[in-house]
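Note that these values count all heavy atoms, side chains included, but never hydrogens, waters or copies made by symmetry. As the structure lists them, so they are numbered: ligands from 1, and atoms in each ligand from 1.
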Amino acid sequence: MSDHDIRSIFVTGLRNAHAMENQALSIMKPQLLRVENYPDVLDRLEAHKRETENQITRLETVLSQLNESHSALKDVALSFTGSMAAMGHTMAGDEILKNSFANFAFENFEIAAYKSLLTVADLGGFTFAVQPLTANLAEEQAMAAWIDDHVAEITTRFATRKQAGQTAKV
Ligand code: MG
Ligand code: FE
């Protein structure tokens, strides 16, 4: 494979990651407006929204280091993540649970994407990209681990609220 091929794979992957992060924002932002009764979830989502905005900046920096203008970026919607987001928006009362599952799926999608990008960075010798991509990966892993650590307890709280006759409002 030529250097040109590796570079092309890398730039495409970075653009896809940029689209993925904008998709992440569009999944998190509606949740920030709706979650009221799970303050720890709200705090973690707020923090990860800020992290995501930094991730987008890191990706744009890497793209400009490759002389790829990020103003020309056209973020394609990801159908997989779109449907996950839509699932989270259903009003079935157990929204907090469905959102948690969708968020967990999305974080793991992001983890795989950054592991792949780091591999391409290594193949192509794009050493300047390793630190920012590793930083993004670490934030996705921390978010996925947080959901993994809290999904059981969120479920218990949801069930307790329901038993107490509280509305299933998120
Ligand atoms: Mg992200
Ligand atoms: Fe994320």
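The residues E139 and R58 are annotated as salt-bridged, a charged nitrogen and a carboxylate oxygen being separated by less than 4.0 angstrom. In summary, E140 and K115 do not engage in a salt bridge, as defined by a charged side-chain N under 4.0 Å from a carboxylate O.
Not one N/O/S atom of E51, from backbone or side chain, sits under 2.8 Å from the Fe ion (ligand 2).
Remark: T156 pairs with no residue by the side-chain hydrogen bond (donor to acceptor under 3.5 Å, both in side chains) rule, at least two apart or across chains. With sequence neighbours left out, F104 forms a ring-ring contact (aromatic ring centres under 6.0 Å, His included) with no residue at all. Considering only residues two or more places apart in sequence or on other chains, R157 meets the salt bridge (charged side-chain N to carboxylate O under 4.0 Å, His left out) condition with D40, E153.
With the Fe ion (ligand 2) at the apex, H48 NE2 and E140 OE1 define an angle of roughly 90° (rounded to 10 degrees).
In this structure, D3 places its CG atom where only 12 or fewer heavy-atom neighbours from other residues, nucleotides or ligands lie under 6.0 Å away.
Counting only distance, with no hydrogens or angles, the side chain of S64 and the backbone of T61 share a donor-acceptor pair below 3.5 Å. The main-chain N or O of L14 is never found under 3.5 Å from a side-chain atom of H18 such that the two would form a donor-acceptor pair.
Looking only at its N/O/S atoms, E110 has OE1 as the one nearest to the Fe ion (ligand 2). Within E107, the N, O or S atom lying nearest to the Fe ion (ligand 2) carries the name OE1.
Residue-and-atom listing of protein N/O/S atoms under 2.8 Å from the Mg ion (ligand 1), sorted by chain and number: E21 OE1, E21 OE2, Q55 OE1, E110 OE2, E140 OE2.
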